[in-house]
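Let me begin by presenting the structure, written as structure tokens, before commenting on it.
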Amino acid sequence: MSYTKATPYPRLTERPAWQALAKHYRQVHDLHLWRLFSDDPQRGERLTAEGAGLYLDYSKNRVTDETIKLLLQLAGECGLAGRIDAMFSGQKINTSEERAVLHVALRASASERIEVDGVNVVPEVHAVLAHMATFSDSVRSKSWLGHTGRAIRNVINIGIGGSDLGPVMAYEALRHYSRRDMTFRFISNVDGTDFAEATRDLDPEETLFIICSKTFATLETLTNAHSARAWCLRKLKDERAVQRHFVAVSTNAEGVEEFGIDTANTFGFWDWDGGRYSMESAIGLSTMLAIGAENFYAMLSGFHAMDTHFRSTPFDRNLPVLMGLLAVWNNDFLGANTVAVLPYEHYLKRFPAYLQQLAMESNGKHVTLEGAQAEVPTGPIYWGEPGTNGQHSFYQLIHQGTALVPCDFIGFCQSLNPMGRHHDLLLANLFAQTEALAFGKTKEQIAAEGTPSWLVPHRVCEGNRPTNTILAERLTPGTLGQLVALYEHSVFTQGAIWNIDSFDQWGVELGKVLAQRIIPELESADEPKLGHDSSTNALIRRYRRLRKEP
Ligand code: G6Q
């Protein structure tokens with residue numbers, strides 16, 4: 001594993017920086033943010049970083065200058081710079097799958113050269129983008145017609161996991177820029193309700209399905225794809241219609257052909273691009289159809305700007321590095337194994353769900369690259385909802401619960417839908433929440449308001465809850481790219497410190513085969529002989545007894 005370039009300490013907790021951080025934590029663990037701010041009036045401007053169009057205020061984290069210094073030292077000892085170089089130069093850093101990890105090549109400019117096994121992959125990437133743009137232009141300009149000569153008005157993406165969450169999130173995030181005379185829907189779940197609700201009011205003559213599956217072997221996606229085919233053919237009654245109403249995004253050309261999709265309408269990608277890192281590849285075809293090729297390229301430029309920032313900015317001013325290191329600090333020293341992502345931008349309502357996969361599938365790992373048990377907790381649990389909605393529900397626990405929940409607040413200075421006072425009110429809430437979480441409300445303040453003494457403890461907010469605030473000017477395709485890349489590289493940074501493989505997903509692979517044994521036991525006409533545990537056996541028997549045949 002030459003790429004690690006780490007200093008030769010085999011165990012994370014034996015690294016000098018880790019040990020210094022552990023000692024430092026004992027000294028600072030009861031420091032309160034109000035003290036840190038009152039001791040340093042410039043803190044809120046000092047502990048910030050700006051790059052690739054985003055502003056990060058990390059001053060409301062429970063850190064001192066010494067904490068940051070030691071975290072940066074840890075990044076050095078863990079060989080983070082070498083890891084970054086290894087990723088960008090196409091080395092096989094996904095060791096358990098022996099694959100390069102090159103989502104950064106998906107947004108590289110045409111003149112760049114990034115090699116995998118001696119082959120420059122950038123021209124292939126740009127060829128697929130050009131193919132997507134030609135196709136998308138033809139659908140959007142209504143020169144691509146359905147089987148009966150009608151224009152396409154509805155686009156349905158069928159995919160799951162990485163082949164769904166990115167497209168849905170990007171469509172919702174960039175809806176402002178999307179074609180309003182077209183309908184975009186996303187089917188992922190094998191639950192027939194997902195399919196039924198997505199298609200119930202649509203006309204197959206005007207509907208295009210994009211079957212998104214890297215492997216073209218995923219149970220949910222193939223089941224939905226076959227149902228889509230049957231739904232189409234029920235009305236169009238001609239097998240040839242498949243060619244006008246289905247396109248595919250896959251690395252499995254054979255599987256696509258077998259399904260009956262024209263290989264000319266198949267958009268490829270590569271095994272060096274993992275599902276959760278693929279929204280800007282051909283997996284983003286629905287995004288391009290919605291916002292147009294020009295906007296899609298603008299999104300790629302945003303990704304690329306953050307890639308360049310990550311690769312070339314000194315770590316003490318590097319947004320993803322700082323965010324990643326703070327996540328390690330919060331997770332492993334403060335013991336906060338969770339992160340709430342709180343976008344104050346309604347268009348980002350699916351962003352937390354997208355990040356759940358990105359962060360948790362990447363860093364939910366229990367062994368190191370060498371296969372040894374991880375010594376410290378790895379990937380925190382990501383979740384969230386847009387503000388201000390969450391303020392009226394789960395924020396209670398963040399303010400006063402016993403669990404420590406670090407939060408990322410995301411806001412934009414300009415609204416895409418300016419309307420009277422709305423945007424000022426929205427941002428006022430964002431700023432107020434980070435302030436309240438940091439500084440809380442003391443018993444003295446509450447008593448001074450005339451609160452009866454028995455009520456005072458209930459109203460106390462201790463504060464000292466860590467938050468990051470990410471501010472950008474406006475949500476554009478470019479900003480979305482910057483934001484996604486920021487989190488991708490923050491997740492990468494965390495994985496590099498923990499020395500884990502952030503790019504495999506063996507737990508998810510297991511899930512893909514688990515149901516296979518039970519499917520025939522549910523479908524067989526005869527009572528099957530069950531060999532599971534008594535709970536699973538009883539559940540299967542009960543289901544067979546109570547289900548209603550269609
Ligand atoms: C992503 C995961 C997973 C994958 C889905 C869909 O990193 O591997 O979420 O994207 O299981 O797989 P297919 O695209 O092969 O259908």
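Atoms within each ligand, like the ligands themselves, are counted from 1 in listed order.
- Checked against a 6.0 Å centroid threshold, the rings of Phe209 and His245 do not count as neighbours.
- Of the candidates Gln91, Lys92, Glu97, Glu97 is the only one forming a side chain to side chain donor-acceptor pair (under 3.5 Å) with Asn94.
- Counting only residues at least two apart or on different chains, the salt bridge (Lys or Arg N to Asp or Glu O under 4.0 Å) pairs with a member in residues 209-231 are Arg229-Glu239.
- Under the 4.0 Å criterion applied to side-chain N and carboxylate O atoms, Lys365 and Asp504 are assigned as salt-bridge partners.
- Checked against the 6.0 Å centroid criterion, the rings of Tyr487 and Tyr354 do not qualify as a close aromatic pair.
- The immediate protein surroundings of ligand 1, defined as residues with any heavy atom under 4.0 Å of it, consist of Ile160, Gly161, Gly162, Ser163, Ser213, Lys214, Thr215, Thr218, Gly275, Arg276, Gln357, Glu361, Gln505, Lys512.
- In this structure, Phe503 and His103 have tilted ring planes: the angle between them lies in the 30° to 60° band.
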